[in-house]
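One structure below.
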Amino acid sequence: MSVQVGCFSAASLRRLLAAKAEDERSIGRLGRWDPRIGTKSITARSEILIHDSEYSSTLAFGGNNRLLLRIGREGRPLGVRGEHKALRRGSSVCRAVKMGTPDGDDRLARIASSIRVIPDFPQPGIMFQDITTLLLDSQAFRDTIDLFVERYGDKNISVVAGIEARGFIFGPPIALAIGAKFVPLRKPNKLPGEVISEEYSLEYGTDTMEMHVGAVQAGERALIIDDLIATGGTLGAAIRLLERVGVEVVECACVIELPELKGRERLGDKPLFVLIHGA
């Protein structure tokens, strides 16, 4: 079962509740509906529910003021695209998706709810998926690593290749746990030794990815790790770079996928494993 979650800061949540207070909605704490409870009660430790009678849904927020779950009329988890316009303005949506993990695995919901979304960064129109808030939640960070380790621990992988820069955060603990070496794939002029390079296209221009010569050997089995796949350009370059020296790329793995950008289509026949779909 997939779980829908939205990412809210405390300030955004307060604005959301203020907007909703003008409508016929009830705000309650811990499942008790009480319209007298207002925004002053929203603190970093609050656990609240908002019942939206117009859309017959319940929005459940956890102690970190992030939306945990939306429950529809029949008790099913639902998306938030049909929500009230105040909700759409005040939030971004992530979806914890079942990708080879057990049904009802609540680790996915925790991971998704810990990721902050920053609108219009680094430029207008971009919804930046900020994984630094995930790193602040030690349990969510551990769950993220554990889910990858559970998937790759028995796949005879000898290389975990991390893409600069956030692939350097997730790659090393995965490599240690599964008994593989970690190989950094870096931007130009960052590696001190002899390198092999792969150029790839950006929206405006090109960029280059580099790896140390001798870091991997022909016939090794590799996992490529990054925090996010958008258009798929960097992952595609990483695949080509490793395959040029005879490495078998088993799979690519990311914490977050932005499916509307269709990045997985640029990976050819290489499988992609993700934990979260961002929107």
When rounded to the nearest 0.5 angstrom, what is the spacing between CD1 in I239 and OH in Y200?
13.0 Å

Hey, are the side chains of I229 and L267 touching, using non-hydrogen atoms and a 4.5 Å cut-off?
yes

To the nearest 0.5 Å, what is the distance between CD on E220 and CG on N156?
10.5 Å

Once rounded to the nearest 0.5 Å, what's the spacing between atom CD1 of I111 and atom CG of D143?
5.5 Å

Heavy-atom donor-acceptor pair, R166 side chain to L228 backbone, under 3.5 Å:
no

If I compare all heavy atoms of A238 with all of I163, which pair ends up nearest, and what's the gap?
CB-CD1, 4.0 Å

Is any side-chain heavy atom of V274 closer than 4.5 Å to one of I256?
no

How long is the gap from OG on S197 to CG on L185, to the nearest 0.5 Å?
11.5 Å

Side chain to side chain, I145 and R142, heavy atoms closer than 4.5 Å:
no

Of all heavy-atom pairs between G278 and P259, which one has the smallest distance, and what is that distance?
O-CD, 3.5 Å

CD1-CD1 distance between I174 and I225, expressed to the nearest 0.5 angstrom:
4.0 Å

Side chain to side chain contact (heavy atoms under 4.5 Å, CB included) partners of T132, counting only residues at least two apart
R116, D130

According to the ring-ring contact (aromatic ring centres under 6.0 Å, His included) rule, which pairs have a member within residues 108-140, sequence neighbours left out?
F121-F128

What one should report as the nearest heavy-atom pair of L242 and A161 is CD1-CB, 4.0 Å

Sidechain-backbone polar pair: Q123 side chain, D120 backbone, donor-acceptor under 3.5 Å:
no

Looking only at atom types and distance, does a side-chain atom of T133 sit under 3.5 Å from a main-chain N or O of S114, one as donor and one as acceptor?
yes

Determine, using the 4.5 Å side-chain heavy-atom cutoff (strictly less than), whether V195 and M211 are members of one ILVMFWY cluster.
no

With a 4.5 Å limit on heavy-atom distance, are the side chains of L176 and F182 in contact?
no

Worked check of side-chain contact (heavy atoms from CB on, under 4.5 Å) between L235 and K270
CA-CA 10 Å; L235 280 176; K270 289 294 180 289; over 6 Å; no

Are any of the side-chain heavy atoms of C252 and D226 separated by less than 4.5 Å?
no

Is there a side-chain contact between R264 and P271, using heavy atoms and a 4.5 Å cut-off?
no

Can you hop from L261 to L275 via hydrophobic side chains spaced under 4.5 Å?
yes

Grouping I, L, V, M, F, W and Y whenever their side-chain heavy atoms are under 4.5 Å apart, do I115 and F273 come out in a common cluster?
yes

Smallest heavy-atom separation, D207 atom then P188 atom, equals OD1-CD, 4.0 Å

Are side-chain heavy atoms of D227 and I169 found at a separation under 4.5 Å?
no

For R107 and E150, the nearest pair of non-hydrogen atoms, with its separation, is NH1-OE2, 2.8 Å

Look up atom NE2 in H277 and atom CG in L258, then write down how far apart they are to the nearest 0.5 Å.
9.5 Å

Can you tell which of R151, K155, R221 makes a side chain to side chain donor-acceptor pair (under 3.5 Å) with E251?
R151

When you look at V250 and Y152, which way does the side-chain contact (heavy atoms from CB on, under 4.5 Å) test go after all the steps?
CA-CA 10 Å; V250 176; Y152 299 113; 5.6 Å; no

Closest approach of G162 and F168, non-hydrogen atoms and distance?
O-CE2, 3.2 Å

With a cut-off of 6.0 Å (strictly less than), are more than 12 heavy atoms of other residues, nucleotides or ligands near CZ of R244?
yes

Same cluster or not: V245 versus L191, using hydrophobic residues (I, L, V, M, F, W, Y) connected whenever any side-chain heavy atoms lie under 4.5 Å apart?
no

Do V255 and Q129 have side-chain heavy atoms sitting under 4.5 Å apart?
no

Kindly determine whether K190 and E164 satisfy salt bridge (Lys or Arg N to Asp or Glu O under 4.0 Å), including the steps that lead there.
CA-CA 10 Å; K190 297 290 187 179; E164 188 171 354; 5.1 Å; no

